[in-house]
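Structure, as structure tokens:
All chains are named by letter (A, B, ...) in the order of the sequence lines, taking the proteins before the strands, and each is independently numbered beginning at 1. Keep in mind it's a predicted model, so treat the numbers as computed, not measured.
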Protein chains: 2
Amino acid sequence: MADAGKLDFLFNPRSIAVVGATDSKGKLASVIMASLDNAGFKGKIYPVNPKYDIVKGRRCFPDIKAIEEEVDLAVVAVSSATAVEVIRGATGLVKGAIVIGGGFSETGFNGALLEAELKEISARSGIRIVGPNCMGIYDTISGVDTFFIPSERAKRPGPGRVSVLSQSGSFALIAMEEFALEGIGVARVVSYGNKADVDEADCLDFLAEDSSTGAVLLYVEGISDGRKFVRSATECAKKKPVIALKAGRYSAGGGAARSHTGAMAGRYELYRAAFKKAGVIDISGYEEFIDAGRVFSRFDRALGKRVVIITDGGGIGVSMADECAARGLIVAQLRDEKVERLKKTFPGYFTVSNPLDLTGSATDEWYGDALRETLEGDDFDIAIVAALWGPPALTDALPAILAETAKKSGKPVIICSPGGEYARTRKRLFEESGLPVFSTPEGAVRAAAALSKVPRTV
Amino acid sequence: MADAGKLDFLFNPRSIAVVGATDSKGKLASVIMASLDNAGFKGKIYPVNPKYDIVKGRRCFPDIKAIEEEVDLAVVAVSSATAVEVIRGATGLVKGAIVIGGGFSETGFNGALLEAELKEISARSGIRIVGPNCMGIYDTISGVDTFFIPSERAKRPGPGRVSVLSQSGSFALIAMEEFALEGIGVARVVSYGNKADVDEADCLDFLAEDSSTGAVLLYVEGISDGRKFVRSATECAKKKPVIALKAGRYSAGGGAARSHTGAMAGRYELYRAAFKKAGVIDISGYEEFIDAGRVFSRFDRALGKRVVIITDGGGIGVSMADECAARGLIVAQLRDEKVERLKKTFPGYFTVSNPLDLTGSATDEWYGDALRETLEGDDFDIAIVAALWGPPALTDALPAILAETAKKSGKPVIICSPGGEYARTRKRLFEESGLPVFSTPEGAVRAAAALSKVPRTV
């Protein structure tokens, strides 16, 4: 790729100037200064603010020019009019800039004029700009963190293989918090807001070549350059799963999406067509976004849509089968020879079918046997295992047994573990064994459906 | 109602015989003996087992006849063939019986014969039978608890106003655990399994007249007597919201539902028509079941489908508006005079619309003002408030402010609080203030949709 590494100064900067830096608590730049240290950024950090000599124990510069060292990235956390002046003055001094905070096209005519100026400066100077009206970058590889909510309020996720691109900063932040809570790691997260310059396509170009990124999750409200997007998404989706949520799908939401980041929400059908053309997996809503983050942090794809369901609670099995059918997954009957084999493995009163209900007599070994025997051969592509913890014979060894069997099968195995406190505390055992675990039948099935849609080229 | 109180001996028994009682740990009847004490059952408990003289410190009887006192309810936790003999021997001695555990029609021909015997004994003797192949009753009013999973594994919910009827025991149990974890209370829960005698219609008759029950949640796989169901559901739905999940909707799931409780899953369209006729609210899947439990534990209904959305994160607002549109809720624009008033209340850079985005500058007071002013008058029926905790000015006083404003409005207000640890710990503040709080935009909207479907008669 000719473009590979083009945005390296954004994702792996060697040095960052924080414009607007201050020790004054609660200010955006103060949070960002703290976050860069917390996230373990290893490069140089230059506070910039004409009001101070020292910020957070570091020498503070009156402007970027005064730094007199190479600066890869300027993080600009000042009011909108000042931000434009800062970028104008940075020509030739920085490679990239993140313009944090609003006051641009999302607020009306005057803001739109400022944004047009930013665009023009970027085009003329070659400074690549992320934002404005964004939260910028959170990156577990480089240690960059410009998300300006203190970590007490919004815990950051640890390192992982999924990267997130989001037009909405709050959406990205909430997803990150949820990932952090659930032990799901991320590689790189970009909130690009009004995208005066850098857009989802530019980021996809970088992530396509990024060895730290195993899958890309995208939240878009509107895409302005459809051709550019399809070109970049197609290239990225050939190499790794790209999963996209188009928000502002309906007219009511469309109106909100428009005012929120100054983008035309556009017609959902056009987006669906573009996603399909590019090999991008189309998802709906926040829940599917989180589900996708969880499952793609473990698996790349399923080879097809044929699902076997194993459970110890009939009602949950039925619920999962319903949801599979609603989402186009196939809960096919077991082959005759498998039925015969399973009938020999399990007690005579079992109804051996798909879903396979191990009943309240279930043991760890039965789960292992059932998973191994059903996944053997080429008649199923995915297994969903609902482990309800009622049966007294089930022990904390179950997650490792299932993980071992799953690994040998070479097929994705998804865990559904709904219920209360006991189930929640055991979720971590599954995650530690390397199996993605969902708290609802629908969540597990949504994840299976997303896996089954990854194109064969990946 | 002629039938009112007919099943009082099941829901409010004065005395219970536990057949199969034992001190031997892990046995069903041993768990049930402990559960009855834990749940605070105030009536008399008679252990029955010819093998013992004393069980759990109580005198143990060789059979029910030996008790020589009035027994309202027998809880029968022995193997299927023995259970039939116990019920046969209990003629004239008990009013009702719960036959716990399987080995009946769900296991094939021999089991079906035993179940037919049970049915026949019930019809002849007048003993009302719950089950077999069920978990029985969990009741926070009477203190009955025959769910035979120890409370260490499956915490029980506290008292509340929602009652649950479920054909699937595991489904009921998992829902109860989730309710317990989330602080949602229940009134009465019945897992009726194969329903040899007592079915959902009988329970609906009782719950219709039950002052402790404010709403009924129903999980059905198949209904055998459609007319009886519609008659009972219609009467109950006139008095309180009845919300039903029909599982085994699709052919794959249909197969599973059939074997699981020996019921014909039937065709979903017929069920939908029956629900509609009866004024029953039709929901899909586990997630909607839990959402309904949460919202109907707080509210009875909404007067219509017009929703105002208030948020401080644009992307989450857009996501909720999308979901509203997908579910037939109306996110109408604000009236001109409201827009003018709100423009005076909030800063000039605000885009005053629906969803109303209070931005990262949001304060507790802004939330209160926005909720009060948008709900005033008769142009909205429900508010969904997404409180993301990023904005530094938001404090722990927010839940009480919103609750106070909601109460004054007389309209249902639903909270969406997605995110990580910080948001999760604040969920309890909302619940304590009396507002139902959901962790995803979809959950909040599903709840609003369910509320909007309650018929006007309630």
Inset, instruction - State which residues pass salt bridge (charged side-chain N to carboxylate O under 4.0 Å, His left out) with B:D312; sequence neighbours excluded, sorted by chain then number. - result: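 For B:D312, no residue satisfies salt bridge (charged side-chain N to carboxylate O under 4.0 Å, His left out) once neighbours in sequence are set aside.
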Legend entry - salt bridge (charged side-chain N to carboxylate O under 4.0 Å, His left out) involving B:E288 - partner list, sequence neighbours excluded: B:R327
Inset, instruction - State, to 0.1 Å, how close A:S168 and A:S191 come at their nearest heavy-atom pair, and which atoms those are. - result: C-OG, 4.5 Å
Would you mind checking which part of [X] comes under 4.5 Å of any heavy atom in chain A, side chain (CB onward), backbone (N, CA, C, O), both or neither?
X      : result
B:E421 : both
B:L394 : both
B:I174 : both
B:A326 : both
B:S284 : backbone

Inset, instruction - Among the options B:E178, B:E177, B:E442, pick out the one with the most heavy-atom pairs lying under 4.5 Å from chain A. - result: B:E442
Legend entry - Partner chain A: residue of B:S319, B:G108, B:G360, B:G390 with the largest heavy-atom pair count (under 4.5 Å):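 Option with the top pair count is B:G390.
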Against chain B, label [X] side chain, backbone, both or neither, depending on which of its atoms sit under 4.5 Å from a heavy atom there.
X      : answer
A:S439 : backbone
A:P150 : neither
A:E182 : side chain

Inset, instruction - Tell me yes or no: between the side chains of B:Y286 and A:D322, is some donor less than 3.5 Å from an acceptor? - result: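 Judged by distance alone, the side chains do not pair up.
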Legend entry - Side-chain H-bond candidate by donor/acceptor type, B:T311 with B:D357, under 3.5 Å: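 No donor-acceptor contact under 3.5 Å links the two side chains.
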Inset, instruction - Check whether any side-chain N or O of A:E221 sits under 3.5 Å from a backbone N or O of A:G248 as a donor-acceptor pair, and report yes or no. - result: no
Inset, instruction - Carefully, step by step, assess A:R446 and B:E287 under the rule salt bridge (Lys or Arg N to Asp or Glu O under 4.0 Å). - result: CA-CA 12 Å; A:R446 286 191 294 256; B:E287 291 177 350; 2.9 Å; yes
